[in-house]
Amino acid sequence: MRCHCCGGTMREACSDMPFKLAPTRIVIIKDLPVLLCGECGEHAFTDAVMAKIEEALAKVDERAELEIVKYAA
């Protein structure tokens, strides 16, 4: 796969990624499989991973300012 920003080669990697859901709410998903560009560092998700991210974000406690969850394949 090619990077949509610079055209570099994307490789599979694992990373902890923050998602800002509101001005005072952040969710960090640990050990998230990503596609990472070796040239510019841009990241992308497969459709399957994005669906799991959406599921995880829908389950977080709306009262928490910071929540850390582990990605479950």
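- Here the side chain of R25 pairs no donor or acceptor atom with the backbone of E65 at under 3.5 angstrom.
- At least one side-chain heavy atom of M17 sits less than 4.5 Å from a side-chain heavy atom of H43.
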Query raised in the report: Please walk me through it: do S15 and V34 pass side-chain contact (heavy atoms from CB on, under 4.5 Å)?
Result: CA-CA 7 Å; S15 183; V34 298; 4.2 Å; yes
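- Between L57 and I29, some side-chain heavy-atom pair lies under the 4.5 Å cut-off.
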Requested in this report: Carefully, step by step, assess C37 and C5 under the rule side-chain contact (heavy atoms from CB on, under 4.5 Å).
Outcome: CA-CA 9 Å; C37 178; C5 289; over 6 Å; no
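- Hydrophobic clustering of Ile, Leu, Val, Met, Phe, Trp and Tyr side chains at less than 4.5 Å, counting indirect connections, keeps I68 apart from V49.
- Under the 4.5 Å side-chain heavy-atom criterion for ILVMFWY residues, no single connected hydrophobic cluster contains both L32 and M1.
- Distance CG/L36 to SG/C3: 9.0 Å, rounded to 0.5 Å.
- Side-chain contact between T9 and E39: absent, with no pair of heavy atoms (C-beta onward) separated by less than 4.5 Å.
- Distance alone, capped at 3.5 Å, is enough to place a donor-acceptor pair between the E67 side chain and the D61 backbone.
- For the salt bridge (charged side-chain N to carboxylate O under 4.0 Å, His left out) condition, no pair includes a residue of residues 42-59, sequence neighbours left out.
- Among all heavy-atom pairs drawn from M10 and L35, the shortest one is CE-O, 3.2 Å.
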Query raised in the report: For I26 and F19, what are the C-alpha separation, side-chain angles and deciding distance, and is it a side-chain contact (heavy atoms from CB on, under 4.5 Å)?
Result: CA-CA 6 Å; I26 296 174; F19 294 86; over 6 Å; no
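- A donor-acceptor contact shorter than 3.5 Å links the side chain of D16 to the backbone of D31.
- Within the model, atoms OG1 of T24 and CG of L66 stand 11.0 Å from one another, a figure rounded to the nearest 0.5 Å.
- The nearest pair of heavy atoms linking P33 to F45 is O-CD2, 4.0 Å.
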